[in-house]
Amino acid sequence: MKIAFVGKGGSGKTTLSSLFIRHLAACGAPVVAVDADINQHLGAALGLDEAEATALPSLGDHLPLIKDYLRGTNPRIASAETMIKTTPPGEGSRLLRVREDNPVYDACAHPVGLDGGAVRLMVTGPFSDADLGVACYHSKTGAVELCLNHLVDGPDEYVVVDMTAGSDSFASGMFTRFDITFLVAEPTRKGVSVYRQYKEYARDFGVLLKVVGNKVQGPDDLDFLRAETGDDLLATVGHSDWVRAMEKGRPPRFATLEEPNRSALRLLRTAADAAYGLRDRERYTRQMVHFHLKNAASWGNERTGVDLAAQVDPDFVLGEGVTVSA
């Protein structure tokens with residue numbers, strides 16, 4: 001399953017996504033974790049120290065390698081240089097799978113050992129001095145979108161993406177790349193404002209959205225979230241001494257996480273597993289093509305000097321049964 005965590009800055013989306021990743025790893029599930037926020041905090045939330053987190057290889061720095069590998073022998077793509085962040089796969093493209101070794105993982109995925117197992121962590125990378133004042137953060141997250149377009153996952157495999165804060169995810173088509181999106185919301189007016197934006201934007205694209213209430217301290221907080229989000233409210237998380245210790249860099253064994261919070265994580269996994277049965281692979285591929293054509297017309301054709309609409313393979317549908325190019 002492809003799973004996104006979104007929410008306003010400070011809502012706790014990175015903390016919740018890291019807890020969910022730990023929960024999956026403790027259950028022995030294969031996980032690819034992706035930090036798609038240029039404010040890179042997921043590595044630290046998964047236990048890396050500052051030096052380790054700073055040294056993580058970034059997807060953005062390896063974009064030429066990623067493009068060259070994913071292009072494969074696709075005859076519709078003249079060169080890796082003509083691939084953009086929305087380029088869809090087609091006959092001859094190489095695809096990424098959760099449980100495999102490949103050059104993209106070799107270059108960009110860092111193994112992180114957690115209680116009960118290990119996960120692959122990939123990060124977009126922060127702004128560099130060369131980016132400041134001249135680059136948009138979408139130029140960094142484009143590598144994530146390209147990888148998601150070419151990623152095939154099964155029912156017992158998990159790709160968990162910590163997205164950029166707020167509703168900025170809608171500046172690209174990446175918000176449609178997931179089986180389920182967990183929106184982390186605090187029980188405040190500001191906390192639910194991003195939920196309303198996401199709900200409105202996502203409605204026309206069939207995005208499955210569930211709310212996870214965070215920092216919920218009592219019945220009043222719960223009643224507020226229920227009134228504001230209705231049936232979209234899936235679970236709530238309250239105070240956690242375990243999280244406080246983790247934020248100090250001294251996380252205890254994950255098995256000691258408070259039972260109410262462990263129960264919330266189980267609800268998230270149940271919802272994610274159920275979302276797999278709702279997959280519409282043709283719609284998923286159609287939306288991928290939709291955003292590619294929009295980007296091609298608005299800037300991609302001019303940038304690359306070719307008609308990027310020609311990259312679309314009309315007979316291709318991304319799914320588990322697709323053969324990977326050698």
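Atoms considered below: every heavy atom in the structure, side chains included; atoms not considered: hydrogens, waters and symmetry mates.
Residues forming a salt bridge (Lys or Arg N to Asp or Glu O under 4.0 Å) with Arg203 (at least two apart in sequence, or on another chain): Glu200. The side-chain hydrogen bond (donor to acceptor under 3.5 Å, both in side chains) check on Thr86 picks up His292, with sequence neighbours excluded. Residues satisfying the side-chain hydrogen bond (donor to acceptor under 3.5 Å, both in side chains) test with Thr87, not counting sequence neighbours, are Gln311. Under the salt bridge (Lys or Arg N to Asp or Glu O under 4.0 Å) criterion, Asp204 pairs with no residue at all, not counting sequence neighbours. For the salt bridge (Lys or Arg N to Asp or Glu O under 4.0 Å) test, residues two or more places apart in sequence or in another chain that qualify with Asp162 are Lys13. Under the ring-ring contact (aromatic ring centres under 6.0 Å, His included) criterion, Phe254 pairs with Trp242, sequence neighbours left out. Here Tyr276 pairs with nothing under the ring-ring contact (aromatic ring centres under 6.0 Å, His included) rule; sequence neighbours left out. Among residues two or more places apart in sequence or in another chain, the side-chain hydrogen bond (donor to acceptor under 3.5 Å, both in side chains) test is passed with Thr229 by none. Every ring-ring contact (aromatic ring centres under 6.0 Å, His included) that Phe5 has, sequence neighbours left out, goes to Phe20, Phe182.
The shortest heavy-atom contact between Ala235 and Ala264 is CB-CB, 4.1 Å. Of all non-hydrogen atoms in Ala53 and Leu48, the two that sit nearest each other are N-CB, 4.2 Å. When all heavy atoms of Ser240 and Leu257 are compared, the pair lying nearest together is OG-CD1, 3.8 Å.
Counting non-hydrogen atoms of neighbouring residues, nucleotides and ligands closer than 6.0 angstrom, the CD atom of Glu50 reaches no more than 12 such neighbours. In this structure, Glu282 places its CD atom where only 12 or fewer heavy-atom neighbours from other residues, nucleotides or ligands lie under 6.0 Å away. For Glu91, the CD atom counts as loosely surrounded, since its 6.0 Å shell holds 12 or fewer non-hydrogen atoms of other residues, nucleotides or ligands. Environment of CZ in Arg266: crowded, with over 12 heavy atoms of neighbouring residues, nucleotides or ligands closer than 6.0 Å.
For the pair Thr14 (side chain) and Leu42 (backbone), a donor-acceptor distance under 3.5 Å is absent. For Ser263 (side chain) and Pro260 (main-chain N/O), no donor-acceptor pair under 3.5 Å exists by modelled atom type. In this structure a side-chain-to-backbone donor-acceptor pair under 3.5 Å is missing from Glu247 to Arg244. Here the side chain of Arg76 pairs no donor or acceptor atom with the backbone of Pro89 at under 3.5 angstrom. Looking at Arg281, its side chain never comes within 3.5 Å of a backbone N or O of Val317 through a donor-acceptor pair.
Screening residues 208-217 for side chain to side chain donor-acceptor pair (under 3.5 Å), with sequence neighbours left out, gives Glu186-Lys215. Listed by first then second residue, pairs satisfying salt bridge (charged side-chain N to carboxylate O under 4.0 Å, His left out) with a partner in residues 218-241 read Arg196-Glu228, Lys199-Asp232, not counting sequence neighbours.
Note on Lys2 versus Asp153: salt bridge recorded, some NZ/NE/NH1/NH2 to OD/OE distance being below 4.0 Å. Ion pairing between Arg99 and Glu157 holds under the 4.0 Å rule for side-chain N and carboxylate O.
Partner of Val243 under the side-chain contact (heavy atoms from CB on, under 4.5 Å) criterion, chosen from Val237, Leu16, Leu19, Asn261: Leu19. Of the listed residues (Asp106, Asp35, Asp101), just one forms a salt bridge (charged side-chain N to carboxylate O under 4.0 Å, His left out) with Arg120, and that residue is Asp101. Applying the side-chain contact (heavy atoms from CB on, under 4.5 Å) test between Val98 and each of Val152, Val31, Val32 identifies Val32 as the sole match.
No chain of hydrophobic side-chain contacts below 4.5 Å, direct or via other Ile, Leu, Val, Met, Phe, Trp or Tyr residues, connects Val312 to Leu70. Cluster membership for Phe205 and Val161, using ILVMFWY side-chain heavy atoms within less than 4.5 angstrom, is shared. Linking Ile, Leu, Val, Met, Phe, Trp and Tyr residues whenever their side-chain heavy atoms come within less than 4.5 Å places Met122 and Leu65 in a single cluster. Note: the hydrophobic cluster containing Met288 does not contain Leu293 (ILVMFWY, side chain heavy atoms under 4.5 Å, direct or indirect links).
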Check your understanding: Hey, mind stepping through Tyr201 and Phe175 against ring pair (Phe, Tyr, Trp, His ring centres under 6.0 Å) and telling me if it holds?
Key -> CA-CA 10 Å; Tyr201 293 153; Phe175 74 97; 8.1 Å; no

Check your understanding: When you look at Val123 and Leu59, which way does the side-chain contact (heavy atoms from CB on, under 4.5 Å) test go after all the steps?
Key -> CA-CA 6 Å; Val123 304; Leu59 287 160; over 6 Å; no

Exercise for review: Go through the steps for Leu222 and Leu233 under the test side-chain contact (heavy atoms from CB on, under 4.5 Å), then give the verdict.
Suggested key: CA-CA 10 Å; Leu222 181 58; Leu233 181 63; 4.0 Å; yes

**Study point:** Trace of the side-chain contact (heavy atoms from CB on, under 4.5 Å) decision for Thr82 with Ile77
**Key:** CA-CA 7 Å; Thr82 62; Ile77 303 176; 3.8 Å; yes

**Study point:** Pair Ile66-Leu146, side-chain contact (heavy atoms from CB on, under 4.5 Å): steps then yes or no
**Key:** CA-CA 9 Å; Ile66 293 170; Leu146 189 62; 4.3 Å; yes

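The OH atom of Tyr158 lies 8.0 Å from the SG atom of Cys27; values are rounded to the nearest 0.5 Å. Atoms NZ and NZ, on Lys85 and Lys67 in that order, are 11.5 Å from each other to the nearest 0.5 Å. How far NE2 of His150 is from OH of Tyr69: 11.0 Å, rounded to the nearest 0.5 Å. Rounded to the nearest 0.5 angstrom, Leu278 CG and Ile180 CD1 are separated by 9.0 Å. Rounding to the nearest 0.5 Å gives a distance of 11.0 Å between SG of Cys147 and CE of Met174. The line from OG1 of Thr176 to CZ of Arg283 is 9.0 Å long, rounded to the nearest 0.5 Å.
Val306 belongs to a hydrophobic cluster whose other members, connected by ILVMFWY side-chain contacts under 4.5 Å either directly or through intermediates, are Ile84, Trp299, Leu308.
Taking the ring axis of Tyr284 as reference, the NZ or CZ atom of Arg177 stays within 45° of it and closer than 6.0 Å to the ring centre.
Side-chain contact of Thr54 with Gln40: a donor-acceptor pair under 3.5 Å is absent, judged by distance alone. Residues Ser298 and Asn295 bring no donor and acceptor atom of their side chains to less than 3.5 Å of each other.
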